[in-house]
Q: 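Could you have a look at this structure, given as C-alpha cells, before my questions?
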Amino acid sequence: MPTILGQNQYGKAENRVVKITRDGATHHIKDLNVSVALSGDLSDVHLTGSNAHCLPTDTTKNTVFAFAKEYGIESAEQFGIHLARHFVTSQEPIKRARIRIEEYSWERIASSDANSKFIGADEVNHSFARKGQETRVTQITYDGEKWEVISGLKDLVVMNSTNSEFWGYIKDQYTTLQEAYDRILATQVSGRWRFNWTDDDQRMPHWERSYEQTRKHMLEAFAETYSYSLQQTLYQMATRIINHRAEIDEVRFSLPNKHHFLVDLEPFGLKNDNEVYYAADRMYGLIEATVLRDGAEALIPVDMTNL
C-alpha cells in the first residue's frame, strides 16, 4: 500500500545552557533550556536515507552554545530569534525553525553587612538561589519572512485567602458541592501571550521589560478581582494584560483550581471559622480560555502541553 510522508521536523531538544556575564565582581546569570526543531526540504532523509540536506542535530546543539558566547543572552526571546534566523538563512534546505526556550530564574543572595571581615571581600555579587517554581517560557517560529513569538510562564502558584465566592451554579441529582461565600482561591498559572511583532520592519518589543510588566499586570488582576468564579478571574487577568501591553494581541491561560476544603472540626468540639483547610492536589477543576484583542486572530494552540 503506498504511503505519503507528512509533516516532519527534527532538531536537538533540551539543550541546557547557562551563561554567566561577568561585570567586574558582579555576575549575572541566564539559565535556559533550549529546544530546536527544523523543517523544510527534508524528504530524502526519510525516503532514501540521503543526509545531503540534513544539518546534524549535534550541530544545532553546538550552535546554541556558540551563540551564547558570541551574542550573549539578552533575553530568551532575543536569543531564540538569533537562532531561528541563523538556521533558516544559513541552510537552504531549512525553511522553518521553531525554537522553544524555558528560562529558570535566579535571585541574588544578599550578604551580611559584616561579610568582608570573614571572606576578605567588600561585597558578594556572585551568589544566587533559584527562584520558586515559576518557569519562564517562549517559542519563536520563523519561516524566512514572518515571525511568531509566543511567551509566557508556568508553575506559578498564587492564592487569595478571601474575596472569592462560588454559588448559584446548576444543581442536579449528582451535585453535592456546598455553595461558598468566602473561600480560598488558588491556582497554578500556566499562561501564554502572543506578540503582534511579526516582521523585521516592525519595532521589536523590549522582551525583558514586557515579561516583567505582563507578569505584574497579571498578578495585580488576580489580587484585585473579587471573584465569583475562577473563569471570571482568568478573564480579568488576560484583559488586564491586553489593556496595558500594546505589543500583545492574544493571551491564553490554563488554570487548575487548587481546591482548599474546610476541615470538619465539629467531632473535636471545635468551630472552624474559615481557618483550617485541607489542600487537595488532585482531582481539580481545570479552567482554560483565550482572550483576544478585538480584531485579532486566535493562534495560540488550545492544547499548550508542549508549548
Side-chain angles (χ1 to χ4, degrees), residues 11 15 17-19 21 23 28-40 60 63-91 94-105 134-154 191-218 238-252 290-301 304 307:
N15 301 280
V17 55
V18 176
K19 175 67 167 64
T21 300
D23 181 14
H28 307 275
I29 292 179
K30 282 290 187 180
D31 185 353
L32 307 183
N33 187 24
V34 183
S35 293
V36 177
L38 308 176
S39 55
T60 68
T63 305
V64 170
F65 292 113
F67 272 39
K69 169 61 179 177
E70 290 185 59
Y71 300 104
I73 302 176
E74 176 185 322
S75 67
E77 288 85 354
Q78 188 64 63
F79 190 62
I81 288 168
H82 277 309
L83 288 169
R85 191 192 305 276
H86 166 78
F87 290 124
V88 172
T89 59
S90 67
Q91 305 296 328
I94 304 302
K95 307 300 183 185
R96 184 175 183 270
R98 186 198 70 201
I99 312 296
R100 287 178 173 167
I101 300 177
E102 296 179 339
E103 178 176 346
Y104 311 113
S105 298
E134 174 189 342
T135 300
R136 178 176 170 180
V137 297
T138 190
Q139 174 177 289
I140 295 93
T141 305
Y142 183 53
D143 64 4
E145 295 182 359
K146 294 294 183 181
W147 296 93
E148 182 185 76
V149 180
I150 299 173
S151 295
L153 54 79
K154 62 181 180 178
R192 304 291 186 274
W193 41 89
R194 180 175 56 81
F195 294 90
N196 49 39
W197 178 80
T198 58
D199 65 67
D200 290 319
D201 291 333
Q202 295 175 269
R203 182 178 180 180
M204 188 180 295
H206 189 295
W207 305 112
E208 295 292 275
R209 184 183 304 117
S210 178
Y211 179 81
E212 293 169 3
Q213 291 297 307
T214 299
R215 183 182 184 277
K216 177 179 79 74
H217 290 303
M218 176 191 72
T239 297
R240 184 81 67 99
I241 292 171
I242 290 176
N243 286 343
H244 286 82
R245 301 309 305 175
E247 72 274 21
I248 293 171
D249 275 358
E250 178 185 6
V251 179
R252 182 165 181 83
T290 297
V291 178
L292 300 160
R293 188 178 301 281
D294 189 20
E297 181 182 0
L299 298 176
I300 298 176
M304 300 191 301
L307 182 61

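For the numbers below, each heavy atom of this structure counts, side chains included, while hydrogens, waters and symmetry mates do not.
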Q: Are the side chains of Met218 and Gln213 in contact, using a 4.5 Å heavy-atom criterion?
A: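 No, their side chains stay 4.5 Å or more apart.
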Q: So which heavy atom on Ala68 is nearest to which on Lys19, and how close?
A: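 Result for this residue pair: O-CE, 3.1 Å.
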Q: Ignoring hydrogens and angles, tell me if any N or O in the side chain of Gln202 forms a donor-acceptor pair with the backbone of Asp199 under 3.5 Å.
A: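 Confirmed, Gln202 side chain pairs with Asp199 backbone.
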Q: Atom CD of Gln91 and atom CG of Leu38: how far apart are they, to the nearest 0.5 Å?
A: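 One finds 9.0 Å between CD of Gln91 and CG of Leu38.
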Q: side-chain contact (heavy atoms from CB on, under 4.5 Å) between Asp143 and Val88: does it pass, once the steps are laid out?
A: CA-CA 7 Å; Asp143 64 4; Val88 172; over 6 Å; no
Q: Kindly say whether Leu299 contributes a backbone atom to a donor-acceptor pair with the side chain of Glu250 at under 3.5 angstrom?
A: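 Answer holds: yes.
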Q: Is it the case that the side chain of Arg192 and the backbone of Leu153 share a donor-acceptor pair, with hydrogens and angles ignored and the cut-off at 3.5 Å?
A: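 Flag set: sc Arg192 to bb Leu153 pair under 3.5 Å.
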Q: Quick one: are Tyr142 and Arg96 in side-chain contact, heavy atoms under 4.5 Å?
A: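 Not touching, per the 4.5 Å side-chain cut-off.
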Q: Does any non-hydrogen side-chain atom of Ile73 lie less than 4.5 Å from one of Leu32?
A: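 Answer yes - side chains close enough.
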Q: So does His206 get a backbone contact from the side chain of Ser210, meaning a donor-acceptor N/O pair under 3.5 Å?
A: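 Here the side-chain-to-backbone pair does not exist.
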Q: Can you name the nearest heavy-atom pair linking Ala84 to Ile140, along with the distance?
A: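 That closest heavy-atom pairing would be CB-CG2, 4.2 Å.
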Q: Any idea which heavy atoms bring His82 and Phe67 closest together, and the distance?
A: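 In terms of heavy atoms, the two residues are closest at O-CE2, 3.6 Å.
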Q: Ignoring hydrogens, what is the shortest heavy-atom contact between Ile300 and Met304? Give both atom names and the distance.
A: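 Minimum heavy-atom separation between Ile300 and Met304: CG2-SD, 4.2 Å.
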Q: When rounded to the nearest 0.5 angstrom, what is the spacing between CG in Asn243 and CZ in Arg245?
A: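 Between Asn243 CG and Arg245 CZ, I get 12.5 Å after rounding to 0.5 Å.
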Q: Less than 4.5 Å apart, any side-chain heavy atom of Glu77 and any of Met204?
A: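 A side-chain contact under 4.5 Å is absent here.
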Q: Got a sec: does the CD of Glu74 have more than 12 other heavy atoms crowding it under 6.0 Å?
A: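 Result for CD/Glu74: open.
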Q: What distance separates Ile150 CD1 from Arg252 CZ, expressed to the nearest 0.5 Å?
A: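 Answer for the CD1-CZ pair, Ile150 versus Arg252, is 11.5 Å.
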Q: Just by modelled atom types, is the Ala246 backbone N or O under 3.5 Å from a matching donor or acceptor in the Asn196 side chain?
A: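 Yes, because the side chain of Asn196 sits within donor-acceptor range (under 3.5 Å) of the backbone of Ala246.
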Q: Which label fits Trp193 and Tyr211: parallel for a plane angle under 30°, tilted from 30 to 60°, or perpendicular past 60°?
A: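 Rings of Trp193 and Tyr211: tilted, 30 to 60°.
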Q: Please check if the side chain of His244 supplies one atom and the backbone of Arg240 the other of a donor-acceptor pair under 3.5 Å.
A: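 Pair found, side chain donor or acceptor close to backbone of Arg240.
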Q: Between Val251 and Ile242, does the side-chain contact (heavy atoms from CB on, under 4.5 Å) criterion hold? Intermediate values first, please.
A: CA-CA 8 Å; Val251 179; Ile242 290 176; 3.9 Å; yes
Q: Quick one: OG on Ser75 to CZ on Arg209, what's the gap to the nearest 0.5 Å?
A: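 One gets 11.5 Å once the value is rounded to the nearest 0.5 Å.
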Q: My understanding is that only residues two or more places apart in sequence, or in another chain, count here; which of them pass side-chain hydrogen bond (donor to acceptor under 3.5 Å, both in side chains) with Lys154?
A: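 In terms of side-chain hydrogen bond (donor to acceptor under 3.5 Å, both in side chains), with neighbours along the sequence ignored, Lys154 is linked to Glu102.
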Q: Would you mind reporting whether Ile248 and Thr214 have side-chain heavy atoms less than 4.5 Å apart?
A: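 Side chain of Thr214 against side chain of Ile248, heavy atoms only: contact under 4.5 Å found.
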Q: Can you name the nearest heavy-atom pair linking Glu208 to Ala76, along with the distance?
A: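 In this case the closest contact between Glu208 and Ala76 is OE2-N, 4.4 Å.
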Q: What heavy-atom pair brings Trp207 and Gln78 nearest, and what distance separates the two atoms?
A: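 Taking Trp207 first and Gln78 second, the nearest heavy atoms are NE1-OE1, 3.7 Å.
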Q: Side-chain contact test, heavy atoms from C-beta onward, threshold under 4.5 Å: evaluate it for Phe79 versus Ile99 and give yes or no.
A: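 Heavy-atom side-chain distance check fails, nothing below 4.5 Å.
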Q: Where do Thr239 and Ile241 land on the side-chain contact (heavy atoms from CB on, under 4.5 Å) test, with the steps shown first?
A: CA-CA 5 Å; Thr239 297; Ile241 292 171; over 6 Å; no
Q: Rounded to the nearest 0.5 Å, what's the gap from CD1 on Ile29 to CD on Glu103? Could you check?
A: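 Ile29 atom CD1 to Glu103 atom CD measures 11.0 Å (nearest 0.5 Å).
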Q: Would you mind reporting whether Arg98 and Arg100 have side-chain heavy atoms less than 4.5 Å apart?
A: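 The answer is yes; the side chains approach within 4.5 Å.
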Q: Counting C-beta onward and ignoring hydrogens, is there a side-chain heavy-atom pair between Leu83 and Val34 closer than 4.5 Å?
A: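 SC-SC contact between Leu83 and Val34 confirmed.
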Q: Got a second to check how far Lys95's NZ is from Ser39's OG, nearest 0.5 Å?
A: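 Atom-to-atom, Lys95:NZ and Ser39:OG are 10.5 Å apart.
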Q: In terms of heavy-atom contacts, does CD of Glu70 have more than 12 from other residues, nucleotides or ligands at under 6.0 Å?
A: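 Yes, because the 6.0 Å sphere around CD of Glu70 holds more than 12 heavy atoms from other groups.
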Q: Is the shortest side-chain N to carboxylate O distance from Asp249 to Arg293 below 4.0 Å?
A: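 Yes.
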Q: Examine distances only and state if a side-chain atom of Arg194 and a backbone atom of Glu148 form a donor-acceptor pair shorter than 3.5 Å.
A: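 Pair absent, no side-chain N/O of Arg194 close to backbone of Glu148.
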Q: Are the aromatic ring centres of Trp147 and Phe195 under 6.0 angstrom apart?
A: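 Between Phe195 and Trp147, which both carry aromatic rings, the centre distance is not below 6.0 Å.
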